[in-house]
Amino acid sequence: MAEDVKKTLIERIKSSSYYSIQLDETTDVADLANLMVYVRYEHDGAAQEEFLFCQPLETRTTAELIFQLLDAFVQENGLEWKKCVGVCTDGARAMTGRHSGVAARIKEVAPEMRWTHCSIHREALAVKKMPDGLNQLAYLSDIFSRLNDLNLGLQGLSINVFDVQDKINTMLKKLELFQIKVKAGDVSAFPALESFLSENELTLDDGVRDNMVAHLVSLRQQFRQYFPVMTEDNSWMRSPFSMEASGLPKNLTVAEQESVIELSCDETLKPAFRKQSLVDFWIKQHREYPALSDKAVRFLLPFATTYLCEKGFSSLAVIKTKYRSRLNAEPDLRLKLTSIAPDIKGLCSRRQAQPSH
């Protein structure tokens, strides 16, 4: 059954104009390293996300070994690297090395590929620096509650680069607001701290206030370091119906700019734009606006996080226990994680029934 699901998936990826992958590695209960890979591709006019494979790695997991495993899967299943437009990983050196990391090796065979450092991992790095002195536990409880909400917001299905940008920009503006409020002695944005001060009839100490402000400034700087402002103007992708001739991006050709104007005036498309995800909308515009559709899909299809891999690791931990430590978990994982419905009727028709005696 798992093999039939895999065949269906491979055929769908082959028929897709582009695909992107996310990959991560973990160690299972047998102390064996495993590489997990998910794929995002086009099918039936929409973007689909599916478990691609999970295979064991040798004890010493090098970038070359990981690439060889990926490349072997691509070649054995008749996929094309040139269709790969995105790879999302964590920031480990084996994944990101400039000359010999996995991303660099994939770039050699997939020139259109854009590497993305997992946004959840970047968020964790941005908040890693703690303020001096741990006598501010109430404040830390409040601020990390806010940061945990951001982390949860970056998780989930179909997250794209615009979703991440919006959530990070929201956090940056809130941190600036908190900084202004704390400077003025207003801690109402931090309920645990406000409650602690009120219950103990205390006022905010100047030293604590200054440390809080310094930490908020540091957080904003760290977020900007790990989430730099996008330099390429892709506003037409997410707001095509509000584009004016004077505001069209210069990185589009004249023909593409004309297509944006035509699309922006097409009132019949507005209901579909409101109902569909951004990438699905642009996938469906391929017939009428092929150049714009192609640009938008290549930009939106890459994963923004490795959330699905992390979710898959949880299933791996359930399936591969100490009592089943030698199990090849991939078939079970495929059936557990796939959204592709197996062809039960077809499977049954290929099996001979066991007659009764």
Side-chain angles (χ1 to χ4, degrees), residues 2-24 35-55 66-67 69-89 102-103 106-107 109-116 118-119 156-164 237 272 276-287 289-312 330 333-343:
E3 192 60 30
D4 283 87
V5 169
K6 178 183 174 182
K7 287 179 181 178
T8 300
L9 173 62
I10 296 300
E11 289 306 313
R12 288 183 178 184
I13 299 172
K14 286 180 179 179
S15 66
S16 175
S17 299
Y18 303 107
Y19 67 89
S20 70
I21 58 175
Q22 63 169 268
L23 55 141
D24 203 354
L35 178 69
M36 187 167 293
V37 185
Y38 270 79
V39 64
R40 182 184 281 171
Y41 61 98
E42 306 167 55
H43 175 68
D44 199 21
Q48 307 287 337
E49 298 174 342
E50 281 292 338
F51 168 79
L52 188 59
F53 72 85
C54 178
Q55 294 185 15
I66 293 172
F67 174 74
L69 198 59
L70 281 167
D71 188 53
F73 185 91
V74 168
Q75 303 301 334
E76 289 168 7
N77 290 282
L79 302 179
E80 298 180 77
W81 273 121
K82 67 180 182 181
K83 288 186 175 183
C84 180
V85 294
V87 173
C88 184
T89 72
V102 175
I106 294 175
K107 188 74 172 176
V109 293
E112 297 295 315
M113 184 275 288
R114 176 164 56 91
W115 174 72
T116 303
C118 171
S119 297
L157 305 177
S158 305
I159 298 291
N160 63 52
V161 64
F162 287 133
D163 298 323
V164 172
M237 294 181 190
Q276 298 170 346
S277 71
L278 200 55
V279 66
D280 289 355
F281 171 80
W282 283 111
I283 288 173
K284 287 182 171 64
Q285 303 317 308
H286 183 71
R287 179 175 295 179
Y289 305 99
L292 295 182
S293 173
D294 189 73
K295 259 189 192 313
V297 171
R298 281 191 285 118
F299 182 78
L300 294 167
L301 201 61
F303 287 101
T305 75
T306 56
Y307 165 76
L308 289 174
C309 284
E310 297 299 329
K311 186 179 177 183
E330 183 175 286
L333 276 171
R334 190 173 302 283
L335 294 178
K336 167 70 175 175
L337 301 172
T338 188
S339 62
I340 298 174
D343 180 11

Minimum heavy-atom distance between [X] and [Y], given as atom pair plus value:
X	Y	value
R40	A47	CG-CB, 4.5 Å
A304	C88	C-SG, 3.8 Å
F53	L70	CZ-CD2, 3.9 Å

Taking the side chain as every heavy atom from C-beta outward, state whether [X] and [Y] have any atom pair closer than 4.5 Å.
X	Y	value
V109	F67	yes
L23	L52	no
L79	I13	yes
D24	M36	no
E112	Y18	no
V85	R114	no
Y38	I21	no
L9	Y41	yes

Value rounded to 0.5 Å, distance of [atom1] in [X] from [atom2] in [Y]:
X	Y	atom1	atom2	result
Q285	D294	CD	CG	13.5 Å
I340	H43	CD1	NE2	8.0 Å
L157	Q48	CG	CD	11.0 Å
S293	R298	OG	CZ	10.0 Å
L333	C54	CG	SG	5.5 Å
W282	F299	CH2	CZ	12.5 Å

Check: Could you go step by step and tell me if L35 and Q55 meet the side-chain contact (heavy atoms from CB on, under 4.5 Å) rule?
Finding: CA-CA 5 Å; L35 178 69; Q55 294 185 15; 5.6 Å; no
Checklist line | Pair T305-Q22, side-chain donor/acceptor within less than 3.5 Å | finding: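 Side-chain D/A pair, T305 to Q22: absent.
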Notebook entry, point to check: Regarding E50 and S339, is there a side-chain donor-to-acceptor distance under 3.5 Å anywhere?
Noted result: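 S339 and E50 do have a side-chain donor-acceptor pair below 3.5 Å.
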Notebook entry, point to check: Should we count NZ of K311 as having more than 12 external heavy atoms under 6.0 Å?
Noted result: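 Counting neighbours around NZ of K311, 12 or fewer heavy atoms of other residues, nucleotides or ligands fall under 6.0 Å, so no.
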Note to self: Can you tell me if K83 has over 12 outside heavy atoms packed within less than 6.0 Å of its NZ?
What the structure shows: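 Atom NZ in K83 is packed in, count exceeds 12.
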Next item on the list: Show the numbers, then the answer: is there a side-chain contact (heavy atoms from CB on, under 4.5 Å) between N77 and K6?
Entry: CA-CA 10 Å; N77 290 282; K6 178 183 174 182; 3.6 Å; yes
Check: Are R334 and F51 in a cation-pi setup, meaning NZ or CZ lies under 6.0 angstrom from the ring centre and within 45 degrees of the ring axis?
Finding: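 Cation-pi check for R334 and F51: fails.
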Checklist line | Residue pairs involving residues 8-19 (criterion salt bridge (Lys or Arg N to Asp or Glu O under 4.0 Å); sequence neighbours excluded) | finding: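 The answer is E11-K14.
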Item checked: Evaluation steps, side-chain contact (heavy atoms from CB on, under 4.5 Å), between I159 and F303 -> CA-CA 7 Å; I159 298 291; F303 287 101; over 6 Å; no
Next item on the list: Let me see the working for D163 and N160 under side-chain contact (heavy atoms from CB on, under 4.5 Å), right down to the final yes or no.
Entry: CA-CA 5 Å; D163 298 323; N160 63 52; 3.4 Å; yes
Item checked: Residues which pass side chain to side chain contact (heavy atoms under 4.5 Å, CB included) with S277, listed by chain and number, not counting sequence neighbours ->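 So S277 forms a side chain to side chain contact (heavy atoms under 4.5 Å, CB included) with V279, D280.
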